[in-house]
Amino acid sequence: MSTVGNSTNIFWHECPVGKSERQKLLNQKGCVVWITGLSGSGKSTLACSINRELYSKGKLSYVLDGDNLRHGLNKDLGFKFEDRTENIRRVGEVAKLFADAGLICIASLISPYRKDRDACRALLPESFIEVFMNMPLEVCEARDAKGLYKLARAGKITGFTGIDDPYEPPLKCEIELGHKDGVCPTPVAMAGKVVSYLEEKGFLEDDKE
C-alpha cells in the first residue's frame with residue numbers, strides 16, 4: 001500500500017508499451033514547449049504557428065492553451081494566487097502525460113510566477129523548453145485584443161498580470177523571443193526559431209538503434 005497526496009491505498013501500474021516504444025512509433029521525442037509571457041504578447045498565436053509548422057513536418061503536437069483549459073479542466077479555478085498556482089500545476093501534470101505519450105506538447109499560459117514554472121520544469125527536466133515572449137507591456141497593452149488591459153486600468157479587473165499583479169520573467173529560459181530594433185518578428189519566423197531548436201536538440205526524431 002502507498003499514500004500519495006490525500007489518496008491512500010493506491011498503486012502505480014506499469015504497462016508493457018512505454019514511452020520509448022511510443023516515441024519510436026511517432027519518430028519523435030515527447031517534450032513540453034512552455035510559452036510564457038504577458039497577456040497580449042502573442043503566446044497563443046505562436047503556439048498555433050509552432051503546431052502548424054510541426055504538422056507540416058509530419059510531427060504530432062498538441063496545444064494546451066490557458067484560456068481554452070479554463071473552459072474545461074480548470075473551469076473551477078479563479079485568478080487568486082492559490083488558484084493560479086493550481087492552474088499551472090494541473091497543466092504541468094497534463095503536459096507531462098502528453099510528453100510521456102510521445103507528443104510535442106505546446107503549453108501557452110501567462111504563468112506569471114517563476115516558482116510555478118520551475119515546478120513544471122522539475123517534472124520533465126530533460127524535456128522542458130521554456131519560451132519567453134519578451135514583449136514590452138506597452139506593446140501588449142496597445143494590442144489588447146480581449147480588452148482586458150482597458151478593464152484592468154479602469155479597476156474593473158483586479159490582480160491583472162502586469163498592472164496590479166507581478167510577472168516574474170524567466171531567469172534561464174531556453175528561447176527568448178521579442179522585439180529587435182523595435183520590430184516584432186512574424187509568428188512564422190518565431191515559430192521557425194522554436195522548431196529549429198527542437199530539431200537541433202533531436203526532439204524531431206527518435207534515437208535509432
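Values below: all heavy atoms of this structure, side chains included; hydrogens, waters and symmetry mates excluded.
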* Leu46 CG to Asn51 CG distance, which is reported to the nearest 0.5 Å -> 11.0 Å
* Asked: Does some side-chain heavy atom of Asn134 sit less than 4.5 Å from a side-chain heavy atom of Leu177?
  -> no
* **Qualifying residues under ring-ring contact (aromatic ring centres under 6.0 Å, His included), relative to Tyr62, sequence neighbours excluded** => Phe98
* So do Trp34 and Ile129 actually touch side chain to side chain, heavy atoms under 4.5 Å? -> no
* May I ask whether Leu204 and Tyr197 are part of the same hydrophobic cluster, defined by side-chain heavy atoms of I, L, V, M, F, W, Y residues being less than 4.5 angstrom apart, directly or through others? => yes
* Asked: Does the side-chain contact (heavy atoms from CB on, under 4.5 Å) test come out yes or no for Ile157 and Ile163, once each step is laid out?
  -> CA-CA 10 Å; Ile157 296 178; Ile163 303 299; over 6 Å; no
* Asked: Distance from Glu130 atom CD to Asp118 atom CG, nearest 0.5 Å?
  -> 7.0 Å
* Please determine which of Arg22, Lys29, Lys19 meets the salt bridge (charged side-chain N to carboxylate O under 4.0 Å, His left out) test together with Asp100. => Arg22
* Can a donor-acceptor pair be found between the side chains of Ser127 and Arg121 at a distance below 3.5 Å? -> no
* Asked: Would you say Ile175 and Leu198 are hydrophobically clustered, going by side-chain heavy atoms of ILVMFWY under 4.5 Å?
  -> yes
* Side chains of Arg84 and Pro112 in contact at under 4.5 Å (non-hydrogen atoms) -> yes
* Whether Arg143 side chain and Ser39 backbone form a donor-acceptor pair below 3.5 Å -> no
* Would you name the heavy atoms of Gly178 and Pro185 that are closest together and state the gap between them? => O-CD, 3.3 Å
* **Test item: Gln23 side-chain N/O and Gly30 main-chain N/O as donor-acceptor pair under 3.5 Å** => yes
* Do Arg114 and Pro170 come close enough that some side-chain heavy atom pair is under 4.5 Å? -> no
* Is there a path of hydrophobic side-chain contacts, each under 4.5 Å between heavy atoms of I, L, V, M, F, W or Y residues, that connects Leu69 with Ile106? -> no
* **Distance (rounded to the nearest 0.5 Å) between Glu53 CD and Ser61 OG** => 10.5 Å
* Please check if Phe203 and Val32 belong to a single hydrophobic cluster, counting links between Ile, Leu, Val, Met, Phe, Trp and Tyr side chain heavy atoms closer than 4.5 Å. => no
* Asked: Are any side-chain N or O atoms of Asp116 and backbone N or O atoms of Cys120, one a donor and one an acceptor, separated by less than 3.5 Å?
  -> no
* Taking atom OG of Ser111 and atom CZ of Phe132, what is their separation to the nearest 0.5 Å? -> 10.5 Å
* Quick one: does Thr36's side chain get under 4.5 Å of Met133's, heavy atoms only? -> no
* Structure fact -> d(Lys57 NZ, Ile104 CD1) to nearest 0.5 Å is 11.0 Å
* **Residue pair Leu64 / Cys105, side-chain heavy-atom distance below 4.5 Å** => yes
* Asked: Is there a donor-acceptor contact under 3.5 Å from the side chain of Tyr149 to the main chain of Leu137?
  -> no
* Asked: What about Leu103 and Leu124, same hydrophobic cluster or not, with Ile/Leu/Val/Met/Phe/Trp/Tyr joined at side-chain heavy-atom distances under 4.5 Å?
  -> yes
* **Pair Asp165-Tyr113, side-chain donor/acceptor within less than 3.5 Å** => yes
* Around atom CD of Glu82, are there more than 12 heavy atoms of other residues, nucleotides or ligands at under 6.0 Å? -> yes
* Scan Leu109, Leu77, Asp65 and name whichever one has a side chain to side chain contact (heavy atoms under 4.5 Å, CB included) with Arg70. => Leu77
* Asked: Can you find a heavy atom in the side chain of Glu93 that is under 4.5 Å from one in the side chain of Lys96?
  -> yes
* Can you tell me how far OG of Ser41 sits from CD1 of Ile110, rounded to the nearest 0.5 angstrom? -> 8.0 Å
* Contact check, side chains of Val139 and Leu38, non-hydrogen atoms, under 4.5 Å -> no
* Structure fact -> Taken in chain and number order and not counting sequence neighbours, the residues that satisfy salt bridge (Lys or Arg N to Asp or Glu O under 4.0 Å) with Glu86 are Arg89, Arg90
* Going through the distances and angles, do Glu141 and Arg153 end up as a salt bridge (charged side-chain N to carboxylate O under 4.0 Å, His left out)? -> CA-CA 10 Å; Glu141 190 167 358; Arg153 290 294 187 187; 2.8 Å; yes
* Is a donor on one side and an acceptor on the other found under 3.5 Å between the side chain of Asp164 and the backbone of Phe160? -> yes
* To do: Assess the side chains of Asn27 and Glu205: does a donor N or O sit below 3.5 Å from an acceptor N or O?
  => no
* **Side-chain donor or acceptor of Glu176 paired with backbone N/O of Val131 under 3.5 Å** => no
